[in-house]
Number of protein chains: 2
Amino acid sequence: MEVASRLFYKQGYNSTGINQIIEEAGIARGSLYNHFPSKRDLLTAYIQAMEESSVAEWDEVIAGIKDPRKKILAIYDICIDRQIRSDFGGCPFIKVGSEIPCEDVGAFEMINKQKNADKSYFEKLIKELYLTNAEYADKELLAATLFLLMEGAMVTSTIAKDLQPLRNARKIAETLL
Amino acid sequence: MEVASRLFYKQGYNSTGINQIIEEAGIARGSLYNHFPSKRDLLTAYIQAMEESSVAEWDEVIAGIKDPRKKILAIYDICIDRQIRSDFGGCPFIKVGSEIPCEDVGAFEMINKQKNADKSYFEKLIKELYLTNAEYADKELLAATLFLLMEGAMVTSTIAKDLQPLRNARKIAETLL
DNA sequence: GTCTATAGCTGGATAGAC
DNA sequence: GTCTATCCAGCTATAGAC
């Protein structure tokens, strides 16, 4: 049941109880524990589902754009749109990473994997952009910049409940590209 | 008692119980509730204490440096040092912001105030740097860039348990200045 | 496989002795 | 003001009927 996802994202993992999940999902306690042996397994499923839907959304939007430069800026637009849709809920992975105990190595690895994938996504688009322009040496640093700006803008936007940080990041990206 | 601060930072606010706090602090339940009527009040005190110690550390380090450019880079060095000291604990304000319910407007305002102060700190240093150079128009956007890079690098470093994102951010800042 | 009932514990908070 | 004892609600998880 992925009503859990909604609650984990909105309220946080620790603040969401099994009771609430089964109640809102309209199922029984035992049924849930049959599919997910523990709450922790629900978290794993949640993170994986978010990973897949996130990259799927990026791919989908990118597919309709030809100019690599516009592709990169479209990523920023997606994030702006997500913040609006989620009422400034922020990045689900950063949220989870902030509340799980650091002993939970497995969860951190999943999150880290996802963030590395995002960064690689930027690298891929940067390479596409500078395919013909070999003189631009430090493509990786540029991708890292775009990624860090994005992450910083997301957390800042979430705390301030304001889109301006993301718009700023987009503007900066525009001048960098 | 600010043994609570240590636990809030290390384990998270939600994951830290009153029981553990009084136990590790070696005091009784009632004593704590005399000074702090609720756990929430402990959180307020925690955030304020972190705010003060953070800005104090910045001021202290900055005071020993003359070149404005080096001052800004020193801020990045402080953050690198903090990540080492805290074993990649990350920014306490972002952590708290990720786990408290969004209804807690008071907490969000405190955190937001602190983040705005950080951003203003960058703006102040930028103005100092470009005092004689009036032609550099968009000082605020540059400060915003430095701030967003810092925030992004902090969260990324925390998730990856790696200093490289912060070192990258510092390198980027060097080229921007 | 899905249900109810309940175990076993820990959370935050209060009452009242001293 | 500091202590101990205790309340009650909530948590995760299990047992066992159907």
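Being a predicted model, the structure only gives us computed values, none of them experimental. Reminder, nothing fancy here: chain letters follow the sequence lines and each chain counts from 1.
Counted within 6.0 Å of CD on B:E174, heavy atoms from surrounding residues, nucleotides or ligands total more than 12; the atom is thus considered enclosed. Counting heavy-atom neighbours within 6.0 Å of A:K161 NZ, excluding the residue itself, gives a total above 12.
Remark: P of C:dA5 and CD1 of A:I22 are 12 Å apart, rounded to the nearest angstrom. Atom pair B:Y33:OH and D:dT6:P shows a separation of 18 Å (rounding to whole Å applied). In this structure, A:F36 places its CZ atom 12 Å from P of C:dT2, rounding to the nearest Å. Going from atom CD1 of A:I18 over to atom C1' of C:dT6 covers 16 Å, rounded to whole Å. Rounded to whole Å, the distance from NE2 on A:H35 to P on D:dA13 is 16 Å. A:L42 places its CG atom 15 Å from the C1' atom of D:dC11, with the value rounded to the nearest Å. Following rounding to the nearest Å, A:K39 (NZ) and D:dC11 (P) show an atom-to-atom distance of 8 Å. Following rounding to the nearest Å, A:L32 (CG) and C:dT4 (P) show an atom-to-atom distance of 14 Å.
At a threshold of 4.0 angstrom between heavy atoms, the contacts of A:G30 include nucleobase atoms, whether or not backbone atoms are also involved. Within 4.0 Å (heavy atoms only), A:T16 reaches sugar-phosphate atoms of the nucleic acid but no base atom.
Between B:M154 and A:E151, the closest side-chain pair of non-hydrogen atoms is not below 4.5 Å.
A cation-pi contact, defined as under 6.0 Å to the ring centre and within 45° of the axis, links B:K39 to B:Y13. In this structure, B:K119 is not positioned above the aromatic face of B:F122 in the sense of NZ or CZ being under 6.0 Å from the six-membered ring centre and within 45° of the axis.
Proximity of A:S31 to the phosphate of C:dG1: no side-chain N or O atom is located under 4.0 Å from OP1 or OP2.
Side-chain atoms of B:I27 lie closest to D:dC3 of the nucleotides C:dC3, D:dC3, D:dA13. Nearest nucleotide to the B:N34 side chain, out of D:dT12, D:dC3, D:dT2: D:dT2.
Nucleotides of DNA chain D nearest to A:Q20 and A:P37 differ in position, and the one nearer the 5' end is that of A:Q20.
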